[in-house]
Number of protein chains: 2
Amino acid sequence: MQLDERKFLILQAIIDDYIMTAMPVGSRTISRKSGVGYSPATIRNEMSDLEELGYLAQPHTSAGRVPSNKAYRLYVDHLMKSVKLSPDERERMHEHLVDKSKRVEGVIRAAANVLSDATKYTSVIVAPKLGTLKIKHVQLVPVAERTALMIIVTSAGIVKDTVITIPDNLDADDLYSISRMLTQKLADQPLEGVRQAFAEMLRDASDNRRLLGDALQVIEKRLESEDQADVIIGGSSNLLGYPEYADVNKARNFLAVLESKETIRRVLNRDGSMEISIRIGPENQVPELNDCSIVSASYRVGDHSNGTLGIIGPTRMNYNRVISVLDFMGRALSDVLSEYR
Amino acid sequence: MQLDERKFLILQAIIDDYIMTAMPVGSRTISRKSGVGYSPATIRNEMSDLEELGYLAQPHTSAGRVPSNKAYRLYVDHLMKSVKLSPDERERMHEHLVDKSKRVEGVIRAAANVLSDATKYTSVIVAPKLGTLKIKHVQLVPVAERTALMIIVTSAGIVKDTVITIPDNLDADDLYSISRMLTQKLADQPLEGVRQAFAEMLRDASDNRRLLGDALQVIEKRLESEDQADVIIGGSSNLLGYPEYADVNKARNFLAVLESKETIRRVLNRDGSMEISIRIGPENQVPELNDCSIVSASYRVGDHSNGTLGIIGPTRMNYNRVISVLDFMGRALSDVLSEYR
DNA sequence: GTTAGCACTCAACACCATCGAGTGCTAACG
DNA sequence: CGTTAGCACTCGATGGTGTTGAGTGCTAAC
């Protein structure tokens, strides 16, 4: 059996309705809809076919039909008619972004809020991978005996800092000149490639071997331990408004998942492309989120590094709108964050 | 009518029980408890008295009694016998703190997690007020045409940074020397007192007036806009496990409150003392949290500045344990964060 | 091929009886 | 006189029952 025009039409109507109401959809409801000129009986026959084909399911015998994950997949791939955001909605969203006092983290935080406000789902933004950013400046600042703060400024204007221990015969001026040297040597190197640069420096440097070794370690640690703080979540309470989370236990599980940045990172894991990716239900790799859908997009910072922004919601998500919003915000974020270059 | 010995005893037993079970407590339950040698009938009489005095309430005629806020107040003020944490519990908590790779924000984040894990409530930590910290170092870093990043390192090792615009005739070396000058002039000044220092500098400085003016503005803005990022919340999903939040709407409201850092800041607002403060129910100033209790303590960073750590939970909170944990963590945090000095 | 009609199913809802935890009161007890 | 046993009473919780109505599948007529 194949899907003909009419089956498409009916399936679409069912999905649209279910996305709105979260209630099983009956044949009468569809029949009454404008654009569908068939009686409930005809609809019922078609629905029966669609169920057999795996696009619909019945919670129980005398209930309406509910779209399956397969149906959502078909929907986002073929049925969905994309809607544009209205100009003043775009305007409003953009405003909130540039509003925030310009700092990278602030911008990202604001973006997360805008996303969750605009979609009423939970939003997640992952900051760009450090490794791909270029170093702009390195600065050592004394903070105590034998202790200094090492500050690394990247091309995206993102600042990372770590405490390191230093030999005790160094004073502020020494640190100053070391910083200067480090900056000269490392400027415009990607963080990833820093190891070689250091190797060279260690060979040349008569002095301060110990310090440089320390610094290298720090940078590397920073690179591999993808920092917790770099996952930002907005509107975590939004999902509680939906009937699929009326059960407190489900809600708690969901929130617990959100608290593990590690899991979030995994679930937003993307191949390199800039395309919007849609994972419906079990398509994502995290069992706890198997009844959620996750839509994600990329944003660019500087030349080659990018971050991820996404929306987590029930499988009966308003894909249409979410995609529009993510698409727009991805571009907006890229714009705003690239002004630093 | 006054509270005699026996009324105290009974009230305490009721509160203890209710804290454990969240169920209205009946006379039989109390009578069976070890340490109480009276029959249910006697207990009932006493309970009746306690109700008249406003310490107990009955949800409905044939239910047991529930402690009132007044009762909790009495409990924390007089009835509670303080328990110590076991040494290895202390050990474990402390471990998690120093574990984290030494950064201030990382430590605070870890502390929030430890707090919520140890208490099973929601924890909140507010970073120390910037204004009270001393400046250690100021650094301007060029990031683009006419744009620089201004980084301020405080005595606590906390780094703050903001983007500022600069005159376009300045190159990296100029910024370097300006940074040096700024650091020299401002080092060891509290952030609050920076205004005068700047005034002087503006008078003297032949050049760079525009830049200095910009920088001053930035610092001041930073001071007054108590930064969002400085409120950190742990275990927000913990409260959903308690029967008082079985209703999804209540849960949602609660979570929505947590998302507003502004409100959190207000609710944790403390007078200067280092004492542990307990706000029961409506004693806190935020109507949305009127059925919560909030216990908070201070931790010290450096010489004179301190931050706040707190626990938010239902009024029938395990005050005893929460107080012990907060007390310990306050000290531990102070210790860890003062190592930077 | 489409649709009206009809019997059938089943969750949701309201209603009701029962149960039991807990109370207040009274009278008896040491 | 304080304490306690006994008892009638209250009322939420629980579980069973009947009704309702949305929705289906099937059949027969258009």
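Every chain is numbered from 1, with letters handed out A, B, ... down the list of sequences.
- Taking A:E283 as the reference, A:R73 meet the side chain to side chain donor-acceptor pair (under 3.5 Å) condition, with sequence neighbours excluded.
- The ring pair (Phe, Tyr, Trp, His ring centres under 6.0 Å) search around B:Y242 returns B:Y121, not counting sequence neighbours.
- With sequence neighbours left out, the side chain to side chain donor-acceptor pair (under 3.5 Å) criterion links B:S298 to B:R270.
- Under the side chain to side chain donor-acceptor pair (under 3.5 Å) criterion, A:S236 pairs with B:E259, not counting sequence neighbours.
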Side chains of residues 13-22 of chain B: which donor-acceptor partners sit under 3.5 Å, not counting sequence neighbours?
from, atom 1, to, atom 2, distance (Å)
B:D16, OD1, B:Y75, OH, 2.9
B:T21, OG1, B:D17, O, 3.1
B:T21, OG1, B:M23, N, 3.1

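- In DNA chain D, runs of at least 3 stacked Watson-Crick or G-U pairs (N1-N3 plus N6-O4 or O6-N4, or N1-O2 plus O6-N3, all under 3.5 Å) give these stems: C:1-30 with D:1-30.
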Grab the N/O contacts between the protein and nucleotides 10-12 of chain C below 3.5 Å, and write none if there aren't any.
from, atom 1, to, atom 2, distance (Å)
C:dC10, OP1, A:T61, OG1, 3.2
C:dC10, O4', A:S62, OG, 3.0
C:dC10, O2, A:S62, OG, 3.4

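- Here C:dG20 presents its C1' atom at 11 Å from CZ of B:R28, a figure rounded to the nearest Å.
- Taking A:E275 as the reference, nothing meets the salt bridge (Lys or Arg N to Asp or Glu O under 4.0 Å) condition, with sequence neighbours excluded.
- For the pair B:I14 CD1 and C:dT23 C1', the interatomic distance rounds to 13 Å; values are reported in whole Å.
- Shown here are the side chain to side chain donor-acceptor pair (under 3.5 Å) partners of B:R252, two or more places apart in sequence or in another chain: there are none.
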I'd like a list of close polar pairs between nucleotides 1-7 of chain C and the protein, N/O only, cut-off under 3.5 Å.
from, atom 1, to, atom 2, distance (Å)
C:dT2, OP1, A:R6, NH1, 2.8
C:dT2, OP2, A:R6, NH1, 3.0
C:dT2, OP2, A:R6, NH2, 3.1
C:dT3, OP2, A:S39, N, 3.1
C:dT3, OP2, A:T42, OG1, 2.7
C:dG5, O6, A:R44, NH2, 3.3

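- Proximity of residues 64-72 of chain B to DNA chain C (heavy atom under 4.0 angstrom from any strand atom) is restricted to B:G64, B:R65.
- Applying the ring pair (Phe, Tyr, Trp, His ring centres under 6.0 Å) rule to A:F254 yields the partners A:Y245; only residues at least two apart in sequence or on another chain are considered.
- Taking atom CG of B:L50 as the reference point, atom P of C:dG24 lies 12 Å away to the nearest angstrom.
- Taking atom CD1 of B:I43 as the reference point, atom P of C:dG24 lies 13 Å away to the nearest angstrom.
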